[in-house]
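First comes the structure, then the notes that go with it.
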Amino acid sequence: MNEDLKVNLSGLPRDYLDAGANENVSAAVSSQVPVVESEPELVVNPWDIVLCTSGTLISCENAIVVLIIFHNPSLRAPMFLLIGSLALADLLAGIGLIINFVFAYLLQSEATKLVTIGLIVASFSASVCSLLAITVDRYLSLYYALTYHSERTVTFTYVMLVMLWGTSICLGLLPVMGWNCLRDESTCSVVRPLTKNNAAILSVSFLFMFALMLQLYIQICKIVMRHAHQIALQHHFLATSHYVTTRKGVSTLAIILGTFAACWMPFTLYSLIADYTYPSIYTYATLLPATYNSIINPVIYAFRNQEIQKALCLICCGCIPTSLSQRARSPSDV
């Protein structure tokens, strides 16, 4: 009775209502049939592929240096400890770039983002700090040439290593411990989830270390020129020979410092002036050269070293080339 009342109140013919009811039943049945939706295709950013490739090359190259220094007991001098620290930091940076690529496309979560960015910040910070420590060691080896090979130098080297790795680990833990922009995107820097303040601190610290390295290399250059002049006088070399040796030393220092500045300065300055609203292509374009510094470091600091070259030759071919074993170190080898 109630159903008839409701139908009559509708003011529509019963045949029309029955037809509408059948359509509703058909729609309900069709809605219960599972619809197979195609899964969205995974779109990979080409810049991420380039960064992952760079990380792979960094890891392989620096792993060789780490293994050579670790397995060769004769490479335990302060200089080799610092070169090993640099290679280890760059190795971790390369691994961090690879992990970042894997987590970004296969295992996306806030925890993985924080751990990955923490590893990358800590490793690159340790890399830059190791470069500064190597510069300090080179300056001390020239300025205090008579007392450099002493127990105090070894102790000082270990103190530098503890300080630089402790500082780098603390910087890497900041995002993990809560100093990130996951809860407030307006505070993000060009590298999410780092905050703008965090990126500014890292950038200013880099500029400070670069200025310190520049000052030290200027002093090293003066010492090298003075030593080359003294050697030329003692052995009665011609002025042209002294000029060539000095120019080679200055050129080497210029290449070392110029490469470091060219790789890191664009990203450092961009991090200071930009934030998360800027196009990501600018971040990739400035970050990629910074990763190249970790590719170049083994070539400049490790593979140019005679002792590492000898160890590498022993591993690869089981012998040391005569030209390498008879080569003498000159004042330009800084």
Side-chain angles (χ1 to χ4, degrees), residues 54-55 57-72 74-95 123-142 148 153-154 156-158 160-161 163-165 168 206 209-210 212-221 223-224 248-265 289-313 315-316 324 327 329-334:
S54 178
L57 183 58
I58 291 170
S59 301
C60 296
E61 196 176 11
N62 286 279
I64 296 175
V65 180
V66 172
L67 290 176
I68 289 175
I69 295 178
F70 180 77
H71 287 287
N72 197 329
S74 63
L75 302 179
R76 293 295 182 269
M79 175 179 59
F80 296 113
L81 293 177
L82 295 175
I83 293 177
S85 172
L86 175 63
L88 178 60
D90 288 334
L91 172 61
L92 293 177
I95 294 175
S123 55
F124 276 122
S125 299
S127 177
V128 174
C129 291
S130 295
L131 291 175
L132 177 60
I134 291 175
T135 306
V136 173
D137 179 74
R138 286 180 169 179
Y139 172 76
L140 294 177
S141 67
L142 293 174
Y148 174 75
T153 304
V154 177
F156 180 72
T157 302
Y158 280 112
M160 282 197 301
L161 288 174
M163 290 181 61
L164 76 87
W165 278 101
S168 301
F206 168 83
M209 286 188 288
F210 176 76
L212 186 57
M213 289 177 62
L214 178 61
Q215 180 62 29
L216 287 173
Y217 271 122
I218 291 175
Q219 299 301 321
I220 290 174
C221 186
I223 297 174
V224 169
K248 183 181 177 182
V250 174
S251 299
T252 302
L253 294 177
I255 291 174
I256 292 174
L257 199 60
T259 301
F260 178 66
C263 291
W264 276 104
M265 198 61 72
T291 64
Y292 290 161
N293 185 243
S294 297
I295 299 176
I296 300 172
N297 282 339
V299 179
I300 294 178
Y301 295 95
F303 297 137
R304 288 177 64 249
N305 185 276
Q306 295 182 42
E307 299 301 323
I308 293 180
Q309 289 177 5
K310 293 177 182 178
L312 185 60
C313 289
I315 294 175
C316 295
L324 184 61
R327 178 189 168 193
R329 183 175 176 85
S330 66
S332 62
D333 296 332
V334 292

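All figures in this text were calculated on a predicted structure; none of them were measured in a lab.
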query: Step by step, would you call Phe260 with Phe206 a ring-ring contact (aromatic ring centres under 6.0 Å, His included)?
result: CA-CA 11 Å; Phe260 178 66; Phe206 168 83; 5.3 Å; yes
message: Checking Val65 against Phe303 for the side-chain contact (heavy atoms from CB on, under 4.5 Å) test, could you report, in this order, the C-alpha distance in whole Å, the side-chain angles of both residues, the deciding distance, and whether it holds?
response: CA-CA 8 Å; Val65 180; Phe303 297 137; 3.8 Å; yes
task: Check whether any side-chain heavy atom of Phe70 lies under 4.5 Å from a side-chain heavy atom of Leu75, and answer yes or no.
output: no
query: Once you round to the nearest 0.5 Å, how far does OG of Ser74 lie from CD of Glu307?
result: 6.5 Å
task: Look up atom OG1 in Thr291 and atom CG in Leu57, then write down how far apart they are to the nearest 0.5 Å.
output: 9.5 Å
message: Measuring from atom CD of Glu61 to atom CD1 of Ile296, what distance do you get when rounded to the nearest 0.5 angstrom?
response: 9.0 Å
- prompt: Can you find a heavy atom in the side chain of Thr259 that is under 4.5 Å from one in the side chain of Tyr292?
  reply: no
- prompt: Are the side chains of Leu164 and Leu132 in touch, meaning some heavy atoms are under 4.5 Å apart?
  reply: no
field: Nearest heavy atoms of Thr153 and Pro78, plus distance in Å
entry: CG2-CG, 4.0 Å
- request: Provide the closest heavy-atom pair for Ala133 versus Met160 in the form atom of the first, atom of the second, distance.
  value: O-CE, 4.0 Å
Shortest non-hydrogen contact from Ile220 toward Thr135: CD1-O, 3.9 Å
task: Could you check if a side-chain atom of Trp165 sits within less than 4.5 angstrom of a side-chain atom of Leu88, using non-hydrogen atoms only?
output: yes
message: As an exercise, state the distance from CG of Asn72 to NZ of Lys310, rounded to the nearest 0.5 Å.
response: 11.0 Å
- prompt: Where the side chain of Arg304 meets the backbone of Ile300, is there a donor-acceptor pair that is under 3.5 Å apart?
  reply: yes
message: Just so I know, are the side chains of Cys129 and Met209 near enough to count as touching, which here means a heavy-atom distance under 4.5 Å?
response: yes
- line: Across all chains, not counting sequence neighbours, the side-chain hydrogen bond (donor to acceptor under 3.5 Å, both in side chains) partners of Asn293 are Trp264, Asn297
task: Apply the test side-chain contact (heavy atoms from CB on, under 4.5 Å) to residues Tyr301 and Leu82: give CA-CA distance (whole Å), side-chain angles for both, the deciding distance (0.1 Å), then the verdict.
output: CA-CA 10 Å; Tyr301 295 95; Leu82 295 175; over 6 Å; no
message: Would you say that Asp137 contacts Phe156 through its side chain, given a criterion of any heavy-atom pair below 4.5 Å between the two side chains?
response: no
- prompt: Going by heavy atoms in the side chains, are Leu92 and Phe124 under 4.5 Å from each other?
  reply: no
query: Between Ile83 and Met79, is a side-chain contact (heavy atoms from CB on, under 4.5 Å) present by the stated rule, with each step listed?
result: CA-CA 6 Å; Ile83 293 177; Met79 175 179 59; 4.0 Å; yes
message: To the nearest 0.5 Å, what is the distance between CD1 on Ile58 and OG on Ser123?
response: 9.0 Å
- request: Could you grab the distance from atom OG of Ser85 to atom CG of Leu131, nearest 0.5 Å is fine?
  value: 9.5 Å
field: Tyr148/Tyr139 aromatic ring centres below 6.0 Å
entry: no
query: So Ile218 and Met213, side-chain contact (heavy atoms from CB on, under 4.5 Å) or not? Walk me through it.
result: CA-CA 9 Å; Ile218 291 175; Met213 289 177 62; over 6 Å; no
message: Restricting to non-hydrogen atoms, name the atom on Ile295 and the atom on Val299 that form the minimum distance, rounded to 0.1 Å.
response: O-CG2, 4.1 Å
task: State, yes or no, whether a side-chain contact exists between Val136 and Leu216 at a heavy-atom distance under 4.5 Å.
output: yes
task: Identify the two heavy atoms, one from Pro289 and one from Cys263, that lie closest to each other, and give their separation to 0.1 Å.
output: O-CB, 3.3 Å
